[in-house]
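This chain uses plain numbering: 1 for the first residue, then up along the sequence. Remember, it's 1-based here, ligands and their atoms both numbered in the order they're listed.
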Amino acid sequence: MNNMKTVTLIKGDGIGPEIADAVMRIIEASGLELNWDIQSAGADSIKEDGTPLPPRVLESIKVNKVALKAPITTPIGMGFRSANVQLRKALDLYANVRPCKNLPNIKTKFDDVDLVVIRENTEDLYAGLEHKIDENTAESIKIITRKASERIARFAFEYAVEHKRKEVCCVTKANICKLSDGLFLDCFREVAQEFPKIKTKELLVDNLCMQLVQNPQVFDVLVMPNLYGDIVSDLTAGLIGGLGVAQGANIGKYGAVFEPVHGSAPDIKGKNKANPMALLLSAIDMLRYIDEGKYADKIEKALYKTLEEEAFTEDLGGKLKTTEFRDAVIMNMNE
Ligand code: NAI
C-alpha cells in the first residue's frame, strides 16, 4: 500500500516557482517521500481559468487538509479580490501564525528575539466592505465579532500551552475603536480565565510598535486583529533579517496552509536571486504539522549548519544564488 502523504503545492507567481522547486528538492533530499498535488493559482490561473483562485485549488486543499504555498501576485485594478484573502476566508483559516526568532549568524540589531505574532485572519477591515459615499468620501467597515475574537484568543492560549510559552499579550487600539477592538479585548480577557497558568498583558498597537523596535526580547506570544497583525508581523520580520527569512502558517479547524510572509517579489523574478529560506521554514513547520517531525528536524539542522557557515543569499549580504543555497542545505543534510 502507498503510505505517502499528499500535500497540495501552490508554486505561485514571481519568485514562487523558483523557491518552491528549491524547497521540494530539499525535502526530497531529506529522504521523505511526499505526494505533491501541484495546483496553479495566481496570474497564470487568471489566463487559464479566468480567476486567480479556481475552485479546484480549494477542493485540493479540502481533500488533502494541508498545503504549502509560495506567494501569489495580487493584480492591482483588475477587479480581482486578493486570492490570499479569498483562500483564507473560503477555508476558514482563522489563525495566521508568524513566528519570529533569531537565526544563526544573521546579524540583526537584537539577539534573543523569540516571539510569535498570532493574527486573526478572517475579518476586521479585510471583510472587503468598502464603498464610496460620494466622489470625495469612501467608507471601509471594520468587522469584529465575538465568535472570531474568542476563537483566536483561545488559539493563542492553546498555542502558548503547546509551545511552552509563558505570556500572551493582546494588542488593540481599544482606546479609539472602543466598540470593535473593545469587544476583541473583552473576549481575550474572558478566554484568559480558562488559562490561569499563562500570564497576560494588554497593549495598544502604537505602544507595541515602539517597544518592539526598542526591546523586542520581552515579548512572547502576541495576539491581535487582522490589520494590526499584517503590519506588526512585517515589522517583526525586520527584527530577524527581513522578509526572506520570515515564515508563516494559516491554520483552521479543518486544514492549514503554510506560506512565507513575503510576496512574489517581481523585481527579482527569474534571476535565481530569491532566498528560499522563508518558504523552507514554512515547510519545516508544515512537516511538523503532518507528523513528520523527524524530517523537519533533519532539514532544520542542515539549514542552521548552512547559516553557521555564513552561506547566505544576496538579501542577507551573501553571494549565493537560490540554487546554490539549496545545494548547500542539501550537502549539509548528507554529511
Ligand atoms: P514582496 O514581499 O514581494 O517584496 C518586497 C521586497 O522584498 C522586494 O524588494 C523583494 O525583492 C524582496 N523580497 C521578498 N521576498 C524575497 C525573498 N524570498 N528573497 C529575496 N528578496 C525578497 O512585496 P511587494 O513587492 O509589496 O509585493 C509583490 C506582490 O506580492 C504583490 O502583488 C502582492 O500583492 C503580493 N503578495 C503576496 C503575498 C502572498 O502570496 N502571501 C504576501 C505579500 C504580497
Quiz item: At what distance is the nearest protein heavy atom to atom 30 (O) of ligand 1, and which residue and atom is it?
Solution: S264 N, 3.0 Å

Practice problem: Determine, counting only non-hydrogen atoms of the protein, whether one lies under 4.0 angstrom from atom 27 (O) of ligand 1. | Solution: no

Quiz item: What protein heavy atom is closest to atom 8 (C) of ligand 1, reported as residue, atom name and distance in Å?
Solution: D267 OD2, 3.5 Å

Practice problem: Would you check if C209 and D206 make a side-chain contact, meaning some heavy-atom pair closer than 4.5 Å? | Solution: no

Quiz prompt | 4.0 Å protein heavy-atom contact status of atom 24 (P) of ligand 1, strictly under | solution = no

Exercise. May I ask whether A278 places a heavy atom under 4.0 Å from ligand 1?
Key: no

Self-check item: Min N/O separation H262 to ligand 1 under 3.5 Å
Solution: yes

Self-check item: atom 6 (C) of ligand 1 - nearest protein heavy atom and its distance
Solution: L243 CD1, 4.6 Å

Self-check item: Polar contact flag for P260 and ligand 1 (N/O pairs, less than 3.5 Å)
Solution: no

Quiz item: Mind checking whether K69 has a heavy atom under 4.0 Å from ligand 1?
Solution: yes

Quiz item: Please state which protein non-hydrogen atom is closest to atom 37 (C) of ligand 1 and give its distance, to 0.1 Å?
Solution: I72 O, 3.1 Å

Practice problem: Just need the protein heavy atom nearest to atom 21 (N) of ligand 1, so name the residue and atom and give the distance. | Solution: I268 CD1, 3.6 Å

Exercise. Answer yes if the side chains of N64 and T6 hold a donor-acceptor pair under 3.5 Å, and no otherwise.
Key: no

